[in-house]
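Let me begin by presenting the structure, written as structure tokens, before commenting on it.
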2 protein chains.
Amino acid sequence: MADASRVVAIGAVSRRTGCPIETIRYYEKIALLPKPARTAGGHRLYRKGEVERLSFILRCRQLGFAIDEIRALLDLVDGGENSCTAVKAITEERLVDVRRKIADLRKLEGTLADMVAACGTGQVPDCPVIEALHAKP
Amino acid sequence: MADASRVVAIGAVSRRTGCPIETIRYYEKIALLPKPARTAGGHRLYRKGEVERLSFILRCRQLGFAIDEIRALLDLVDGGENSCTAVKAITEERLVDVRRKIADLRKLEGTLADMVAACGTGQVPDCPVIEALHAKP
DNA sequence: CTTGAATCTGTAGTCGCTACAGATTGTACC
DNA sequence: GGTACAATCTGTAGCGACTACAGATTCAAG
């Protein structure tokens, strides 16, 4: 028999990483995770490296990387060499994206705050929020 | 015949509002927009009020309101009275949400910027971005 | 009356999961 | 060995908010 003490079932992986079982299977289906070994009955068995790979994926997702970006990062990691520049490029793109989103949301925040503030006065004939929403750009 | 000069086809509405035709039909399907009049042949005909309603919806979407929130806002507008408080509540919820998202993104920005900066030094043995992604939370 | 643009309905795809249904397997206890 | 019950299996459908077709029809201009 193989060394059973070093493999874990999908439920244990889920508890350890906080990732739902369905999502682990989903990552396998879209080939972010390799197909794991199986018991005679067909249950998945994960080794340490596979759990680490999942953790890597989850951290990337927390940072807002899209699945395809993670795939690219993993390819670079798997490839091994000369990849630091490429990794940096992907990360910088992501940073630009985040900064753009922040700027967009700041504008929204301003508009929404103005609308709420106009309501606050409580002495308007018609609802200022609705008026604002009807206003032309 | 009805007054044809005051109705427009869906293509004209699309050009006027910048909203794709498919999306206009989609808003009708999910009942954000009323079913418009039709020509004998079945083409949709929109009147001024309907175009304004669409503009209202589009402005709400720009501000990040979810479809269900817009539905609630439209119900309040249609209802007519005593709704300013409710409108304000929906808008405030939205504002809280936007502020939370900004805070989240700021954290991301920090992490990503650190990672990129570490890359910039160019004197590390292994890729610092990959290391950061492998690090435990 | 013909041509070509516009519009019609309906369905399937996008992203990143999530939620089932219904069948099978693994494991602990007696 | 038997039995209960948890864990896991596969496969499919759904979410939000559209978007992208296919294939049929209708409209407007000349």
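Heavy-atom basis, side chains included; hydrogens, waters and symmetry copies ignored. Lettering follows sequence order; numbering is per chain, from 1.
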Side chain to side chain contact (heavy atoms under 4.5 Å, CB included) assessment of B:Y46 paired with B:V7: CA-CA 5 Å; B:Y46 294 91; B:V7 295; over 6 Å; no

Full working for side chain to side chain contact (heavy atoms under 4.5 Å, CB included) between A:R47 and A:V8: CA-CA 7 Å; A:R47 283 180 274 135; A:V8 282; over 6 Å; no

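Per the geometry, CG belonging to A:L54 stands 11 Å off P belonging to C:dC17, to the nearest Å. At whole-Å resolution of the value, CD1 in B:I24 and C1' in C:dT7 are 12 Å apart.
Remark: B:T39 is not in phosphate contact with D:dT26, judged by side-chain N or O atoms under 4.0 Å from OP1 or OP2.
Salt-bridge formation is not detected for the pair A:D104/A:K101: no Lys NZ or Arg NE/NH1/NH2 atom is positioned less than 4.0 Å from an Asp or Glu carboxylate oxygen. By the 4.0 Å N-to-carboxylate-O rule, B:E28 lies too far from B:K35 to be salt-bridged with it.
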Base versus backbone protein contacts along nucleotides 4-23 of chain D [heavy-atom cut-off under 4.0 Å; B, S, -]: ----SBB------BBSB---

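Note on the helix from C:dC1-D:dG30 to C:dC30-D:dG1: terminal axis deviation equals 10°, with five pairs used at each end and the result rounded to 10°.
The distance from atom CZ of B:F56 to atom CG of B:L33, rounded to the nearest 0.5 Å, is 12.0 Å. Atoms CG and CZ, from A:L95 and A:R99 in turn, are 4.0 Å apart once rounded to the nearest 0.5 Å. Distance check: B:D97 CG to B:I102 CD1 gives 10.0 Å after rounding to the nearest 0.5 Å.
Minimum interatomic distance between B:R38 and B:L45 (heavy atoms only, all atoms of both residues): C-CD1, 4.1 Å.
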